[in-house]
Amino acid sequence: MRNVVLEFENITKIYPGVRALENVSICFERGEVHALVGENGAGKSTLIKTLSGAIEPTMGSILIDGNRYSSLTPAMSRKLGVAVVYQELVLVPALSAAENIFLGDFIRHGWFCDTKAMHDHTRELFKTLGIDLNPQVRIEQLTTGYQQMIEIAKAVSKNARILVLDEPSAPLTVKEVEDLFGIIKRLKDQGVTIIYISHRMEEVFRIADRVSVLRDGQHVITKKICETNREELIRYMVGRTLDETYPEHHYATKEVVLELQKITGNGVKDISFKLHRGEILGLGGLIGAGRTELAEMLFGHVPVKSGKILLHGRQVSFKKPKHAANQGLSLVPEDRKGKGLLLDLSVKQNIELPSIRRLARGVFVNEKASVKLVDDQIKNLRIKTPHIHQFVRSLSGGNQQKVVLGKWLATDTEILILDEPTRGIDVGAKKEIYQLMVEFLKDGKSIIMISSDMQELLGMSDRIIVLSKGRLIGEIEREEFTQERVLNYAAGIGAD
């Protein structure tokens, strides 16, 4: 008999107007890596939240080690050995890495916290996971990628028997993904059950033993990974055959629309490059290389210390993001919740916000034009929301990302800076976003794309520049693209 450690039995979750899950039944075996896949809104996160105790199922049962529960609380879930690393981070920014890992379970020496012991334990944990980081560094000083790695370390430190990883590799570089896979293998060998949620098919086929597909809140199929293939899984996920190739685009011209001359500040130094009209300029590098820092400086979040920014040959200075937006630059940030959205506003309010001046009729907003603008973006990006007045906070991570993208695509922006544009986005929506990027180029506009997804970087870029430790190390033309060349530059060594 199979050694089943966890089983969902006819799990149903109904919200007003939405059936998020319907009679989902899946079992998970001890010591297996079980992939959970599906499009955004398929029900993956909702299912996992019933396991973590974040939400209560409307109907159905959860069985852990054969014991049946109609619902769980977060405390019960943790006690039963369940740990969840969500796609959205839940760290305390003002605390250190070590304090976050031991939060709620501090090591004490008498009445006082044993800071040294916590630092030592964290240092050993980081060493085991291959994380090169000072345990005393504050979370607010770290990139999203490092924060994600701390989330994983925190879950591993609790000796979980069932570990759920929700898009864990999304912010990681190639090397860091390899380190993550090493951790997963060691945990699997120790008998830990790994539920791995990912939109990256290559990862699913590399590390999973079995895979379950959800679509529209229903369990479609569970198969051994050796008994299926990429095309079949995608067909189960989207309900149709999907061509995964990157769309061709040949719109780059020699006209320079943006030029950086020895830009220094926000952790980067002497950055110089040119962006051409109709071009997707890929920005590669490891976490901490300065890619996001450069993007934030370009958009006016952080001041430029020295150097020049030329827009259409004219020197400009962006002291605030609104200055950059007024000059035709837009930024889809890496941290969508913290920097890209107003979570307590609606889908409509978020999408219309950058276009509010254009929609204004005197002191009032042209409501008819606003609704059309928002409806168009919801349709084009396939944003799953019950209505345009739905709070953004209640949407899935992938749909939140689409709202961020939609609010800028709705403007007359000329240069779009995309920082990890498809992180947490399913394969169907990725294809649509890539096509939207190409449509954006057709109008003579340009894109700077930061991506840790190597295939995306190589597949969508016309040219790639690579940063390492805050400096521009190399520039690669499309005909010279190879993964090895990008990785060598990212590591700070020559391409050869």
Side-chain angles (χ1 to χ4, degrees), residues 1-38 41-90 103-105 151-152 154-168 184 187-188 190-198 208-223 393-394 396-397:
M1 294 180 63
R2 294 176 302 174
N3 191 4
V4 175
V5 65
L6 167 67
E7 185 173 358
F8 293 107
E9 189 177 88
N10 299 318
I11 294 293
T12 298
K13 180 61 181 178
I14 302 173
Y15 294 104
V18 178
R19 188 175 288 266
L21 295 171
E22 184 172 4
N23 294 322
V24 174
S25 297
I26 309 173
C27 66
F28 301 84
E29 299 176 16
R30 192 179 310 280
E32 75 165 338
V33 178
H34 193 129
L36 191 61
V37 301
K44 304 185 300 296
S45 294
T46 304
L47 184 66
I48 293 309
K49 286 177 181 178
T50 66
L51 175 63
S52 69
I55 64 174
E56 183 177 344
T58 306
M59 292 180 286
S61 302
I62 300 171
L63 286 79
I64 299 179
D65 295 326
N67 298 311
R68 185 181 301 273
Y69 305 89
S70 59
S71 65
L72 296 170
T73 65
M76 289 171 61
S77 181
R78 289 191 297 269
K79 187 175 180 180
L80 291 168
V82 177
V84 182
V85 178
Y86 288 109
Q87 184 179 341
E88 304 303 335
L89 308 177
V90 288
L103 192 62
D105 191 25
E151 283 277 28
I152 295 170
K154 181 178 179 179
V156 170
S157 73
K158 305 301 181 184
N159 298 316
R161 298 167 50 246
I162 301 169
L163 178 61
V164 183
L165 301 177
D166 188 357
E167 295 285 352
I184 290 173
L187 292 172
K188 175 184 171 181
Q190 295 169 16
V192 176
T193 299
I194 310 290
I195 302 176
Y196 194 91
I197 302 174
S198 179
D209 300 297
R210 292 193 298 151
V211 57
S212 291
V213 180
L214 294 183
R215 187 174 74 231
D216 298 328
Q218 297 182 325
H219 175 219
V220 178
I221 196 168
T222 295
K223 300 191 76 169
R393 182 182 297 278
S394 66
S396 69

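Note: hydrogens, waters and symmetry copies are ignored here, and every other heavy atom, side chains too, is used.
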May I ask you to decide if [Y]'s main-chain N or O and [X]'s side chain share a donor-acceptor pair within less than 3.5 Å?
X    : Y   : value
T193 : E29 : yes
S77  : P74 : no
D209 : V33 : yes
T58  : I14 : yes
T12  : N23 : yes
T50  : I55 : no

Find out whether [X] and [Y] are in side-chain contact, i.e. whether some heavy atom of one side chain is under 4.5 Å from a heavy atom of the other.
X    : Y    : value
S71  : P57  : yes
P168 : I152 : yes
M59  : N10  : no
V164 : F28  : no
I64  : L51  : yes

* Give me the one residue out of I62, L63, L80 that meets side chain to side chain contact (heavy atoms under 4.5 Å, CB included) with L6. => I62

To the nearest 0.5 Å, what is the distance between [atom1] ([X]) and [atom2] ([Y])?
X    : Y    : atom1 : atom2 : result
L165 : I48  : CG    : CD1   : 10.0 Å
L21  : K44  : CG    : NZ    : 11.0 Å
C27  : R210 : SG    : CZ    : 5.0 Å
E7   : S61  : CD    : OG    : 9.5 Å
I184 : I194 : CD1   : CD1   : 6.0 Å
I26  : E9   : CD1   : CD    : 13.0 Å

* Can you tell me if H34 and S212 form a side-chain donor-acceptor pair at under 3.5 Å? -> yes

